[in-house]
Amino acid sequence: MPMKERHQTISRTTQVIIALALILIPTIALAVPGSGAFVSNQAPSGRLMTDLYNIIAWICLGILILVESVLLIAIFKFRRKSDADKPAAVHGNLRLEVGWTLAAAIVQVFIGVKTLQVMSEVEVIPQTTMTVEAIGYQWGWQFRYPDLGGMVSDDLVVPAHTNVKLEITSRDVIHSLFIPELGVKMDAVPGRFNLWWFNADGPVNQVVARDAVPMAVEREDLVTTRPDIVKMFKKDDNRLTGVYGLEGRVSYLAASRKVGDVSPYAKYDAIEYRGMCTEICGKGHYNMYFRTVAMTETSFKQWVKDMSAGSKEADGAVIYSGKCSSYRCRRKGIAATSHPDWHEMDQRRDAEDAHIEVVLAGSKASTLAGPTDVNGTIYNGVMQPWADQLNDVEVAAVVNHERTSWGNNGGLVTDEDVARVRAALGLPPYPAGGGEPISESDLMREGKTLYESCAGCHGNEGKGLTAVPTLVGNPTVLSDVKGTIASLVNGQDKPEWPGAHSPMGRTMTDRQLSALLTYVRKSWGNAASVVTPDEVGRLRSEVQK
Amino acid sequence: MRINAPGFLAPLNKKAESSLLTYLLQWGGTTDAKRIGIMYMVFAAFMGMVGTFLSLLIRAELATPGLDLMTDDFYITLPGMHATAMIFFFIIPMFTGVGNFILPIQVGAADMAFPRLNLAAFWLLPPAAAIAFAGYFLTGAPQFGWTGYPPLSNNVYSPQIGADFWLLGLVLVGTSSTMGAVNFLSTAFNMRCKGMTLFQIPLFTWSVIVMSFLILASTPVLTSALIMLNLERLFPETFYFYDPAGGGDPILYQHLFWFYSHPAVYIMILPGFGIISEVLPTFSRKPIFGYVVMVWSMIAIAFLGFVVWAHHMFTSGIGLGVRKVFMFLTMLIAVPTGIKIFSWLGTIWGGSIRFTTSMLFALGFLAMFTIGGLSGVVLAAVPVDIQLHDTYYVVAHIHYVLVAGSVMTIFAGLYYWYPKMTGKMLNEKLGHIHFWGTSIFINVTFFIQHYLGVKGMPRRYADYDPIFATENMISALARSLCSPSNSRVHLQLLLLTASSVARWLRRTPGLTVTRWSGRSTASRPSSVPPSACVDFCNRSQSRARRRTPPGTRRVTINLRAHA
């Protein structure tokens with residue numbers, strides 16, 4: 001018994017309206033100028049990407065409209081009129097099929113060739129005048145300037161209208177550097193340097209290029225007008241401390257555009273863009289914002305000078321919410337296996353040094369990750385060493401913030417305490433390269449610590465092994481500073497030494513290299529001169545590939 | 001007490017009629033491909049609901065900026081587990097189930113080639129799902145997305161035991177689908193009716209054949225990549241496949257992973273193509289347009305699907321020359337896909353279209369899958385992809401392909417073949433509400449995400465810049481409206497169950513045999529196919545013969561040989 005045919009379950013008019021809405025609204029919406037506009041328009045390469053996107057998007061829109069129109073016409077023209085309809089059984093049409101195959105192929109080849117042209121301009125790195133190393137970590141970025149003596153910064157600050165080469169890498173997991181307005185995106189892969197470039201040529205001195213950036217105040221409104229009912233879902237202590245609520249949300253602002261505060265770059269002639277991470281890298285993935293600041297040449301020089309001087313004031317709460325709150329302690333009462341709970345902090349004064357030590361040195365393992373020993377409890381989390389990113393005042397401020405918040409009532413530490421712990425750990429002072437000349441004894445002490453990584457092959461006495469050259473009386477070590485630096489930062493592969501020397505010095509700062517070289521050149525009977533960080537910086541820029 | 005379930009849900013013998021336990025045990029141990037197929041589908045539908053629930057959590061969290069409902073610690077597990085549920089436990093098993101039911105019928109085989117292997121393949125899945133999701137009930141679900149890139153997924157950065165379980169669950173799924181693929185291929189190549197040539201095989205079966213080849217060639221690669229990762233996790237400082245500290249390379253994993261996971265996209269869409277190629281001709285009373293070209297384009301898609309994996313890695317630092325090659329190969333895939341779209345349009349053109357729910361889903365698939373295909377072309381261009389990679393544009397693209405693509409075809413197939421399985425029709429009125437609600441709201445949910453992408457909102461963010469607040473709110477609202485529309489189908493299945501329970505209570509027998517008044521009305525036998533598929537062999541034969549271009553030699557079938 002055949003089922004009774006019902007040709008229309010909804011009236012035809014309704015169907016027409018709905019079908020039109022269904023298919024045409026997205027189509028029209030795509031065509032509305034600006035609604036889907038590309039934002040990468042503040043760099044020449046970004047504008048090329050945008051132009052290419054526009055070409056491809058329009059072609060695709062054309063194809064979409066064609067397909068949807070044919071479909072709509074077929075739907076309305078070939079409705080079943082009666083049960084007796086017997087349409088002709090068409091099995092195909094060779095001419096038509098060959099036609100649309102060729103048409104599709106031609107469109108694809110056209111798009112491909114257009115894209116190749118753009119690739120040769122966007123993805124080939126031109127002559128650059130400046131190099132910045134972008135180093136990702138869980139969860140933040142560090143920008144290192146090899147041209148400026150290994151200076152580091154939290155934000156990517158570059159002179160405007162300059163070709164900048166980015167050397168992108170990571171300390172722990174894979175991240176991805178993304179600056180939408182400048183057309184920059186490249187993965188930060190541990191163990192690799194990925195290269196990209198940009199030239200920020202947006203109008204300097206405008207605080208922002210587009211409405212994308214001044215979100216600070218708006219964001220603050222959203223924070224304060226949130227209905228309380230939403231907070232009902234949260235644990236009490238979180239609401240009080242704001243660990244998951246307000247503070248977590250403001251952290252991005254605090255780190256990068258503090259609410260109610262002017263940008264730290266407001267005093268320069270500069271323009272700021274957002275920057276973030278686009279490769280999933282753990283729970284703090286969304287919280288890896290940084291500023292990309294393009295400045296005039298004079299402002300940039302001034303900024304470098306200001307950076308070398310270092311700041312003498314620091315707000316621990318700001319640093320904490322910017323750099324440390326992603327790692328924030330687990331909720332109270334839940335087993336904290338990855339990071340310690342502040343509520344269970346050892347508040348005694350004699351725990352202070354251990355606290356500072358963890359902040360400065362991070363996880364004790366040679367890699368950054370691994371077990372961290374906090375007062376005898378082992379946490380299998382990840383802790384960055386902050387010694388080369390925060391100066392003593394800042395470390396003291398953040399430690400004090402941690403020791404006096406969340407109901408803690410610990411004592412206060414000073415920057416002298418930090419400097420003492422830093423020296424005890426054999427870590428170089430920060431900022432590197434600035435300030436007074438470094439004493440030989442400092443370099444020797446730091447070098448001795450660093451040499452421990454080399455002792456595995458070269459031996460505690462520098463004597464080497466059968467296949468590892470000795471360092472005692474080694475002519476290259478003693479007389480060829482440039483050659484030694486080259487083998488450290490570029491690696492070395494000679495037939496007589498089958499075990500190749502990997503470029504292990506590449507991630508070291510100038511100061512660390514100078515300490516290591518000084519130590520090797522002045523130990524075990526070697527008596528060569530001190531190598532200063534400045535000299536290392538100069539020679540390194542000559543030899544580093 | 002008598003169990004009186006309709007169609008293929010009916011008890012096998014008298015004993016099962018009176019005892020629920022025997023009834024269920026018979027289900028669990030059946031080697032009948034059609035019943036195994038139904039078990040696959042029920043399991044997949046359940047996991048689909050799990051995945052839906054996780055996606056609702058994601059959209060609810062993202063409705064407004066800020067961490068409103070959950071911690072970032074929990075949120076970061078959601079995208080990965082949602083994808084795991086949907087890809088490995090919903091779409092792939094669903095198509096395997098449909099294939100189990102339909103493929104033997106279409107080639108005229110009484111059962112699959114290896115019935116017990118078939119049952120074993122199914123019974124690997126529920127434990128696999130339990131293991132993969134066990135993390136939520138143990139120390140925490142994996143926090144590295146469904147891609148699981150090391151070093152994030154190694155023992156240092158993901159110490160949760162849930163991550164080990166997840167890897168194990170995925171290995172089991174891979175084993176299960178490999179077993180299924182072997183079975184499909186043996187059945188399709190060895191158990192066809194006498195005289196049925198390769199180019200007389202119905203298109204749905206062709207799609208399952210091509211899918212099985214894809215599974216067979218790609219899944220072992222994923223399995224080995226996952227086992228290598230698991231070795232690295234379980235024996236730290238012993239194995240260094242991916243860890244650069246010991247001479248490994250994290251990019252190696254990406255190559256291995258995408259060598260499976262790009263073909264997986266076609267594993268998830270090709271059977272859908274097959275379903276559409278069955279539904280469109282039936283309800284427009286026309287044969288499929290360009291049958292041979294349809295088959296070859298499927299094979300071409302499958303072949304090209306193996307040589308485009310690196311387009312997922314354009315920003316990972318692979319060389320410029322490699323990027324160029326993979327870009328061209330990627331763009332090439334649009335050609336066979338375009339051919340299929342145009343051929344489907346050619347099928348309905350000049351037909352006599354009847355708008356059943358099944359047909360509506362098929363037409364909706366045509367309208368929306370095109371959007372997903374075209375955004376794929378946009379993403380293929382390397383400089384554009386560099387800007388859009390890992391933003392919401394990619395999220396929109398994948399959901400247009402998988403939701404507006406695969407899921408719409410699953411619904412089309414459900415409404416189309418449900419009578420075949422149970423002898424009952426699904427309610428068309430509810431079906432229409434289901435279709436319109438689903439297609440309108442998935443468009444609103446996902447189309448707006450293209451805008452988020454071009455404006456630079458990265459994926460897998462628990463909290464985002466407030467400039468994206470409006471779009472996210474719209475997306476979340478539409479998503480929440482999409483679920484009730486989808487629940488129409490659950491409602492229907494519930495009503496049907498209820499009605500059969502009621503009938504069972506009243507002890508009235510009742511099987512309404514129905515059929516679609518398609519093109520081949522006269523040749524159709526009863527709706528619930530008998531277990532020995534002689535007359536179905538007859539049907540596919542007559543259909544295949546009609547598809548054969550004029551001039552081809554006709555085949556005669558000796559039915560008795562298969563009885």
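Every chain is numbered from 1 and lettered A, B, ... according to where its sequence line falls, protein lines coming before strand lines. The analysis underlying the following values was restricted to heavy atoms, covering all of them including side chains, and did not include hydrogens, waters or symmetry mates.
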So which residue, [options], ends up with the most heavy-atom pairs under 4.5 Å with chain A?
| options | result |
| --- | --- |
| B/Gly317, B/Gly290, B/Gly145, B/Gly350 | B/Gly350 |
| B/Val382, B/Thr337, B/Ile353 | B/Ile353 |
| B/Ser284, B/Pro250, B/Ser153, B/Gly248 | B/Pro250 |
| B/Ala381, B/Gly453, B/Ser316 | B/Ser316 |
| B/Val444, B/Thr370, B/Thr391 | B/Thr370 |
| B/Gly80, B/Ser375, B/Ala380, B/Ala462 | B/Ala462 |

Please classify the contact between [X] and chain A as side chain, backbone, both or neither, with a heavy-atom cut-off of under 4.5 Å.
| X | value |
| --- | --- |
| B/Leu345 | side chain |
| B/Gln254 | side chain |
| B/Leu388 | both |
| B/Arg459 | backbone |
| B/Met327 | side chain |
| B/Phe342 | both |
| B/Asp249 | side chain |
| B/Pro336 | neither |
| B/Phe74 | neither |

Margin query: ring pair (Phe, Tyr, Trp, His ring centres under 6.0 Å) for A/His285 and B/Tyr75? Distances and angles first, verdict last.
Written below: CA-CA 11 Å; A/His285 171 47; B/Tyr75 177 86; 9.8 Å; no
Next item on the list: State, to 0.1 Å, how close B/Gln143 and B/Leu152 come at their nearest heavy-atom pair, and which atoms those are.
Entry: O-CD2, 4.2 Å
Notebook entry, point to check: Can you tell if the side chain of A/Leu52 reaches within under 4.5 Å of the side chain of A/Lys114, non-hydrogen atoms only?
Noted result: yes
Item checked: Part of A/Asp187 within contact of chain B (heavy atom distance under 4.5 Å) -> both
Check: Measuring heavy-atom distances to chain B, does A/Val189 have an atom under 4.5 Å in its side chain, in its backbone, in both, or in neither?
Finding: side chain
Notebook entry, point to check: Do the ring planes of A/Trp100 and B/Phe289 sit parallel (below 30°), tilted (30 to 60°) or perpendicular (above 60°)?
Noted result: tilted
Checklist line | Gap separating the CG atom of A/Asn54 from the CG atom of A/Leu61, nearest 0.5 angstrom | finding: 11.5 Å
